[in-house]
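A quick write-up on the structure given underneath.
Please read these numbers as outputs of a predicted model, since none were measured by experiment. Just so it is clear: chains get the letters A, B, ... in the order the sequence lines come, proteins before strands, and each one is counted from 1.
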Amino acid sequence: MPELPEVETIANGLNKRLAGDRIDSVWFGSKPEPLKSSAAVIARTPEGTRIEQVQRAGKHIVFDLAAKKKDQRQWIVHLGMTGRMLVAAPESELLPHTHLVARLKSGRELRFVDPRRFGRLEVRNSAFEGPGTEPTRISLEDFIALFRGRKTPIKGALLNQKLLHGVGNIYADESLFRAGVRPRRKAGSLTRAEYAKLHDALQEVLKEAIAAGGSSISDYVDADGEEGFFQLRHRAYGRQGKPCLVCKTPIKKIVVAGRGTHYCPKCQR
DNA sequence: ATACCGACCTGTCAGC
DNA sequence: TGCTGACAGGTCGGTA
């Protein structure tokens, strides 16, 4: 489900609510397969482990944990398409597909819910490094270097987490729309001016989406159960058949890199 | 090395 | 009303 702006919103919300709290015990649903590290490893998280901070890295939520001794570790959560991390009162109803519940010292619970089970929770003892570069901070020169010589469609390259981490289907389409670039263009074939436009468009759209709390489509909510509002400002994603907001040409939907792709045939070249 | 394509899961919605 | 198939914010592994 969630891309960079949604994960950022969730991680910030979790950090605000959980930093300084402690994990007392961990409970698993009947089907804990989404948990990449074996459930046993997660269950071994020592009682009283302190949550130092919660941050985003790419599309991952990183919990920095410290036990009483020098045992540094991290929980790395990827929400897949439908994953949610909720902070809830113990008496509040357990949603279907709840795979993990961590009881906290404060009396609240941290819950991992994921109907489609594409999400993952993993325990690490070393600092997590995302697979690619942060799109929010990358320089134009580094951005151009990522795509040089690539024949894959630019949309696919934007989605490739080994290049940029955090960009997903919505923000790939939205940034290509803003930059006026067709999704099927070969990644290595853009002009310098087009790379510059795409670089700026991507950073702009991510920044605006974070400010709006992300895009809520069907079931996305942040750690407080609040919806984001950026879906109201999508210009391409999900607007197939509707008039382009710039030129009124109907927005087209095609498949690129195996994903539904939305673009304006007139504005994007 | 790179690129396509199915697989992984469940839920929802459009169409018949 | 109910069934079937397509599709959904993501990633991985096999094959060409």
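Only the P atoms considered, C:dG14 is 15 Å distant from B:dC9, to the nearest whole Å. On the C1' atoms, B:dA3 is 23 Å away from C:dG9, given to the nearest whole Å.
Here the C1' atom of nucleotide C:dG9 and the CG atom of A:Leu79 are 10 Å apart, to the nearest Å. Between A:Arg120 atom CZ and C:dG10 atom C1' there is a gap of 10 Å when expressed in whole angstrom units. Summarising the geometry, the separation between CD on A:Glu174 and C1' on C:dG9 is reported as 13 Å, rounded to the nearest angstrom. Atoms CG (A:Leu163) and P (C:dG10) sit 15 Å apart, rounded to a whole Å. We find that NE2 of A:His262 is positioned 11 Å from C1' of C:dC7, with the value rounded to whole Å. Rounded to whole angstrom, the span from the CD1 atom of A:Ile10 across to the P atom of C:dG9 amounts to 16 Å. Nucleotide C:dC12 holds its P atom 10 Å from the CD atom of A:Glu122, rounded to whole Å. Spacing between atom CZ of A:Arg184 and atom P of B:dA3 amounts to 15 Å, rounded to whole angstrom units.
Regarding contacts with the backbone of B:dC9, every side-chain N or O of A:His97 stays at 4.0 angstrom or more from both OP1 and OP2. Between A:Lys59 and C:dG10 there is a side-chain polar atom (N or O) within less than 4.0 angstrom of OP1 or OP2. Residue A:Gln161 has no polar side-chain atom (N or O) positioned under 4.0 Å from OP1 or OP2 of C:dG10.
Across the strands present, B:dC9 finds no partner; the criterion is a Watson-Crick or G-U wobble pair with both atom distances under 3.5 angstrom. When both distances must be under 3.5 Å, the Watson-Crick or G-U wobble mate of C:dG9 does not exist.
Nucleic acid contact class of A:Gly258 (heavy atoms, under 4.0 Å, all strands): none. A:Tyr171 comes within 4.0 angstrom of nothing in the nucleic acid, heavy atoms only. A:Lys162 comes within contact range of no nucleotide atom at all, as no heavy-atom separation falls under 4.0 Å. The residue A:Arg116 sits close to a base: some heavy atom pair falls under 4.0 Å.
For C:dT11, the base is not stacked against the aromatic ring of A:Phe118, per a cut-off of 5.5 Å between centres and 30° between planes.
Taking the six-membered ring where tryptophan is involved, the planes of A:His99 and A:His97 are tilted, since the angle between them lies from 30° to 60°.
Side chains of A:Asp64 and A:Gln55: a donor on one and an acceptor on the other come within 3.5 Å. Side-chain contact annotation: A:Ser215 with A:Tyr237, donor-acceptor N/O pair under 3.5 Å absent. Side chain to side chain, A:Asp173 and A:His262 meet the donor-acceptor criterion of an N or O pair below 3.5 Å. Side-chain polar atoms of A:His165 and A:Glu134 form a donor-acceptor pair below 3.5 angstrom.
Relative to the side chain of A:Glu3, the nucleotides C:dC7, C:dG10, B:dC4 differ in distance, and C:dG10 lies closest. You'll find that the side chain of A:Arg117 is closest to B:dC9, out of B:dG11, B:dC4, B:dC9. Between C:dA8, B:dC4, C:dT11, one nucleotide has an atom nearer to the side chain of A:Lys253 than all others, and that is C:dA8. Closest to the side chain of A:His78, from the set B:dC4, C:dT11, B:dG11, is C:dT11.
Residue A:Glu3 holds its CD atom at 9.5 Å from CD of A:Glu174, rounded to the nearest 0.5 Å.
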